[in-house]
2 protein chains.
Amino acid sequence: MKRLGIENGALDAVDARIVALLADNARIPTAELARSVGLSAPSVAERLRRLEDSGVIEGYMARIAPAAIGYPVSAWLRVRPVPGELKRVAEIIRSIPEITECDRITGEDCFLARVRVASVADLERLLDQLVPYAMTNTAIVQSSPVLPRLPPLAPAA
Amino acid sequence: MKRLGIENGALDAVDARIVALLADNARIPTAELARSVGLSAPSVAERLRRLEDSGVIEGYMARIAPAAIGYPVSAWLRVRPVPGELKRVAEIIRSIPEITECDRITGEDCFLARVRVASVADLERLLDQLVPYAMTNTAIVQSSPVLPRLPPLAPAA
DNA sequence: TCTGAAATAAAACCTAC
DNA sequence: GTAGGTTTTATTTCAGA
């Protein structure tokens with residue numbers, strides 16, 4: 001069977017199932033994956049290795065409850081650097097460990113950053129680091145109607 | 001040793017290392033975790049079980065390259081429901097599988113949603129589902145200066 | 001690209017300390 | 001929390017189709 005590269009957006013049905021299962025529980029043993037997809041363990045192990053090597057699977061992470069590790073407050077920051085300070089702002093963002101995720105986006109705002117903090121006072125201190133070089137807009141997270149999930153996986157035709 | 005619950009935001013040093021290791025690679029075998037933290041395997045297995053049961057570890061997920069599964073375009077949607085339609089909008093958001101994450105937030109906008117689509121045309125079709133009940137603001141993701149990561153883990157004193 | 005067999009390694013479970 | 005022992009499972013490697 002012809003195998004398609006990462007840009008094609010098409011996995012065969014078995015790979016799609018493997019990916020979906022791992023997206024839901026990254027710690028299932030390979031042997032159990034094999035049973036679920038109806039192939040032998042070595043065969044699934046090799047598919048896994050290929051999915052990793054080709055970049056389809058970027059890695060495996062534990063989801064940690066932020067409140068459990070001292071960060072009960074989450075917020076989203078929209079960050080608009082003042083003219084000429086984009087690079088410096090990007091650098092500051094990367095250097096703040098409480099910023100756990102950040103995308104560069106189109107539109108008025110340049111960056112959208114997720115922050116995890118222990119308190120609103122900490123949030124204030126964090127924002128102060130950006131104030132000289134950027135305008136910010138902060139929105140506190142109240143709840144999460146959609147938790148991280150995969151979009152639909154369409155197997156190859 | 002007294003073990004603290006999820007709300008305390010304090011793990012002992014060993015649990016903190018286990019959590020950090022798993023956040024980085026959720027598929028490390030328990031035996032290897034044990035070697036890394038200098039405890040026996042059964043002991044680490046029990047800590048793991050407790051971290052899972054207490055909700056510190058919410059789960060394990062594979063990170064999948066969206067482009068590899070057919071979604072090269074990512075965008076953030078800020079969604080402001082028209083008065084009286086908040087619940088309906090929340091329902092629509094949950095029902096759209098291309099919305100892979102959504103937080104309810106404070107401020108003018110009610111929801112912040114991450115969408116993964118195959119094309120801008122698909123994005124348009126997606127937005128059309130919300131148009132009757134909400135005002136939306138869309139920002140396309142250009143790059144990700146900070147990939148998902150853990151905030152600093154402070155072990156208990 | 002798959003299966004199946006064999007060897008190595010690890011997990012799960014137990015008891016005693 | 002460790003140590004030891006046992007059973008069950010999983011991983012890896014390789015031959016062969």
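All values below were derived from every heavy atom in this structure, side-chain atoms included, with hydrogens, water molecules and symmetry-related copies excluded. By convention in this document, chain letters (A, B, ...) are assigned in the order of the sequence lines, proteins followed by strands, and residues within each chain are numbered from 1.
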Asks: Can you tell me how far P of C:dC13 sits from CG of B:Leu48, to the nearest Å?
Replies: 14 Å
Asks: B:Ser40 side chain N/O closer than 4.0 Å to the phosphate oxygens (OP1, OP2) of D:dT2?
Replies: yes
Asks: Using side-chain heavy atoms (C-beta onward) and a distance below 4.5 Å, is B:Val89 in contact with B:Val79?
Replies: yes
Asks: For B:Arg114 and B:Thr100, run side chain to side chain donor-acceptor pair (under 3.5 Å): C-alpha distance rounded to whole Å, both residues' side-chain angles, the deciding distance at 0.1 Å, then the answer.
Replies: CA-CA 6 Å; B:Arg114 189 202 286 275; B:Thr100 58; 4.6 Å; no
Asks: Any side-chain N or O of B:Arg49 under 4.0 Å from OP1/OP2 of C:dA12?
Replies: no
Asks: State plainly whether one hydrophobic cluster holds both B:Leu150 and B:Leu51, where clusters connect Ile, Leu, Val, Met, Phe, Trp and Tyr through side-chain heavy atoms under 4.5 angstrom apart.
Replies: yes
Asks: Take the protein atom CD of A:Glu46 and the nucleotide atom P of C:dT1, then report the distance between them rounded to whole Å.
Replies: 7 Å
Asks: Quick one: do A:Arg50 and A:Asp15 make a salt bridge, cutoff under 4.0 Å?
Replies: no
Asks: Between B:Leu21 and B:Leu33, is the side chain to side chain contact (heavy atoms under 4.5 Å, CB included) condition met? List the steps.
Replies: CA-CA 8 Å; B:Leu21 287 163; B:Leu33 274 180; 3.8 Å; yes
Asks: How about CD on B:Glu108, more than 12 heavy atoms from neighbouring residues, nucleotides or ligands closer than 6.0 Å, or not?
Replies: no
Asks: Begin from the C-alpha positions of A:Gln129 and A:Ile96 and carry the test side chain to side chain contact (heavy atoms under 4.5 Å, CB included) through to its verdict.
Replies: CA-CA 9 Å; A:Gln129 298 182 61; A:Ile96 297 175; 3.8 Å; yes
Asks: For each nucleotide in nucleotides 8-17 of chain D, reading 5' to 3', give B when a protein heavy atom comes within less than 4.0 Å of its base, S when such contact involves only the sugar-phosphate, and - otherwise.
Replies: --SS-B----
Asks: Please tabulate the protein-to-nucleotide N/O contacts below 3.5 Å involving nucleotides 15-17 of chain C, giving atom names and distances.
Replies:
none

Asks: I'd like to know whether A:Ile57 forms a side chain to side chain contact (heavy atoms under 4.5 Å, CB included) with B:Ile64, so could you lay out the CA-CA distance, the side-chain angles of the two residues, the decisive distance to 0.1 Å, and finally the verdict.
Replies: CA-CA 5 Å; A:Ile57 296 176; B:Ile64 306 302; 3.9 Å; yes
